[in-house]
Amino acid sequence: MAKGERIIAASSAPHIVVLGGGAGGLELACALAGDGRRVTLVDRVGSHLWKPRLHEFAAGTVDSTLSEMSFYTLASLRGFRFEQGEVEAVDRASKTVRLSPVRSPDDRIVGPGRSIPYDRLVVALGGVTPDFGTTGVAENAIRLDERSDADRFRELFVAAVLRARANGKPAKIAIIGSGATGTELAAHLRQAERAFLDQSEKERQTKLLTITLLEAAPEIMPGADGELRRSVSDRLDRLDITKHVDAKIAAVEIDGVRSADGESWPADITVWAAGLVGNPCLAQLADFEMDKKGRIVVDDRLRTSVDPAILAIGDAASFTPPGANAPLPPTAQCASQQAVYLANALPAMMTGKEPEPFVFQDRGRLLSLAQGGSVGSIGLFRSRDDILVEGQFALAAYHGLQRRHQWSVLGPLRGSVAILADMISPAKGPALKLHGG
Ligand SMILES: Cc1cc2nc3c(=O)[nH]c(=O)nc-3n(C[C@H](O)[C@H](O)[C@H](O)COP(=O)(O)OP(=O)(O)OC[C@H]3O[C@@H](n4cnc5c(N)ncnc54)[C@H](O)[C@@H]3O)c2cc1C
């Protein structure tokens with residue numbers, strides 16, 4: 001232990017420590033707290049932000065303060081302990097987690113490093129966008145992984161649009177990756193542009209942005225159902241968003257991107273939104289078994305394969321359902337269902353019982369394309385193929401997951417007030433982005 005480090009003393013009640021207060025971890029900490037349980041939530045930042053709306057905060061079509069909640073306030077409200085700090089290591093032998101010191105924005109240490117003992121540990125540290133070793137991504141592109149990325153994009157975006165207004169030439173935005181993040185960001189930028197136009201410019205359909213979506217696969221939204229792909233593609237056309245498929249980007253430069261076969265696209269801002277892997281810190285924490293996307297392998301009770309006292313959920317976990325040939329994809333829908341499962345299963349496991357296995361209920365895939373409308377594919381009946389949903393029904397389905405999240409984190413009364421504030425805010429945009437159901 002380093003000099004000045006604190007040890008958080010153990011007491012007799014079993015201690016559950018949840019690492020990461022995102023979509024899964026925060027819901028789990030709130031659900032477990034109370035009933036005489038000792039629960040500690042750890043996060044490197046002091047407030048929770050609902051990540052599925054990160055691209056809307058980046059575009060500015062939704063005010064992030066509506067989706068931000070202080071962990072300190074939630075801890076006293078819901079009865080868990082909050083420890084702020086970067087998770088550095090897990091010592092399985094002594095059952096402790098080590099946190100680094102907390103630093104101020106000017107890099108001074110404002111809180112010491114700590115060691116936290118646990119009886120059960122749940123790793124919910126999320127994932128990041130990989131660069132696949134592509135030249136220049138780290139230096140010249142923005143990846144939307146956390147709040148600071150959305151803030152940085154927003155600053156660059158506003159500056160680029162103001163420059164475009166001043167010199168009469170549209171700003172060029174390139175988005176690499178046409179999954180949900182890329183397509184939704186493109187649509188929300190088209191909407192954000194309108195705030196910079198006066199009425200006559202809107203009527204003349206003045207454009208301050210050219211938006212280009214680049215996809216390495218032969219079709220946009222690889223992996224999505226064909227009907228959904230076609231619907232999204234038509235909607236992007238209507239929003240005047242240019243799409244290029246088979247564009248395997250080899251380098252991101254300061255003023256554009258270049259493909260492996262020599263084609264190039266100029267860009268004032270490049271967003272890299274290609275794929276998701278486990279948080280790189282996961283591989284350093286302990287000797288976990290990892291999958292090829294850097295996620296911790298868990299069994300059907302979400303226990304790590306190396307240690308049943310350590311579990312993992314959400315984007316940090318790699319769970320392959322029985323009979324499936326790939327792990328579940330990283331979504332808030334899955335993280336949330338795993339949190340609900342562990343809220344019951346973990347206390348049972350701690351009394352020596354073997355709970356029923358975790359079963360994922362796929363509630364579909366939904367997208368909010370701002371003025372392009374809402375669309376998704378939902379499996380209404382287990383035995384039937386997914387059906388395409390649009391308009392108000394799709395919008396209501398968006399609302400479902402974040403509404404549920406707000407309720408489970410804030411409780412029914414405060415949750416309802418938060419939802420109402422969200423609904424009446426002038427900064428909410430036309431289509432709240434709330435995947436799943
Ligand atoms: C732009 C965008 C749009 C998305 N849209 C959707 C959608 O529509 N529907 C959907 O279902 N999913 C969507 N997702 C995916 C969804 O956000 C994630 O799957 C979900 O947030 C995963 O939840 P999680 O709890 O595993 O991790 P996260 O929500 O990522 O939370 C991880 C937490 O760990 C903390 N943390 C990380 N490293 C450390 C460390 N070393 N020490 C301490 N704390 C740490 C972080 O601060 C964070 O609070 C979207 C993602 C993005 C980026």
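As the structure lists them, so they are numbered: ligands from 1, and atoms in each ligand from 1.
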For the pair D291 and K293, find out whether any cationic side-chain nitrogen is under 4.0 Å from an anionic carboxylate oxygen. no
Can you check which of L28, L19, D43, L54 brings a heavy atom nearest to atom 46 (C) of ligand 1? D43
R44, any N or O under 3.5 Å of ligand 1 N or O: yes
I need the atoms of ligand 1 closer than 4.0 Å to a non-hydrogen atom of G314, numbered in the order shown. 26 (O)
Under the rule for salt bridge (Lys or Arg N to Asp or Glu O under 4.0 Å), what residues qualify as partners of D268, not counting sequence neighbours? none
Would you check whether T181 has a nitrogen or oxygen atom less than 3.5 angstrom from a nitrogen or oxygen atom of ligand 1? no
Closest non-hydrogen atoms of S100 and E88, given as atom of the first, atom of the second and distance, are CB-OE2, 3.0 Å
Would you please determine whether A180 falls within less than 4.0 Å of ligand 1 on a heavy-atom basis? no
Check each of A316, S368, P52 against atom 6 (C) of ligand 1 and report the one with the nearest heavy atom. P52
Just jot down the ligand 1 atoms closer than 4.0 angstrom to any heavy atom of P330, in number order. 19 (O)
Below the 3.5 angstrom mark, is there an N/O of R53, backbone or side chain, next to an N/O of ligand 1? no
Consider every N or O of G20 and every N or O of ligand 1, then say whether any pair is closer than 3.5 Å. no
Element-labelled atoms of ligand 1 that are located less than 4.0 Å from some non-hydrogen atom of L144: 53 (C)
What is the minimum heavy-atom distance between R363 and Q333, and which atoms define it? N-OE1, 2.5 Å
Determine whether the side chains of T61 and H55 contain a donor N or O and an acceptor N or O closer than 3.5 Å. no
Hey, does A332 come in under 3.5 Å of ligand 1, counting only N/O atoms on both sides? yes
Where ligand 1 meets N279 - atom numbers and elements under 4.0 angstrom, heavy-atom basis: 37 (C), 38 (N)
What atoms of ligand 1 come within less than 4.0 Å of a heavy atom belonging to A124? 32 (C), 33 (C), 34 (O)
As an exercise, identify every atom of ligand 1 less than 4.0 angstrom from a heavy atom of H55. 1 (C), 3 (C)
For the residue pair T134 and I249, what are the closest heavy atoms and their distance? CG2-O, 3.6 Å
Which atoms of ligand 1 sit under 4.0 Å from any heavy atom of G126? 26 (O), 27 (O), 30 (O), 32 (C)
In ligand 1, which numbered atoms sit nearer than 4.0 Å to a non-hydrogen atom of E86? 41 (N), 42 (N)
Ligand 1 N/O within reach of G24 N/O, cut-off under 3.5 Å: yes
So which heavy atom on W50 is nearest to which on A332, and how close? CH2-CB, 4.0 Å
Close approach of G85 to ligand 1, heavy atoms, under 4.0 angstrom: yes
Nearest heavy-atom pair of V306 and E289: which atoms, and what distance? CG1-N, 4.0 Å
Could an N or O of ligand 1 be found under 3.5 Å from any N or O of A335, whether backbone or side chain? no
For R404, is there an ion pair with E27 - N to carboxylate O distance below 4.0 angstrom? yes
Check this for me - ligand 1, Q333, N or O atoms closer than 3.5 angstrom, yes or no? yes
Could R92 and D287 be called an ion pair, given the rule that one side-chain N must be under 4.0 Å from one carboxylate O? yes
Tell me yes or no: between the side chains of D145 and T129, is some donor less than 3.5 Å from an acceptor? yes
E193 with R190: basic N within carboxylate O range, under 4.0 Å: yes
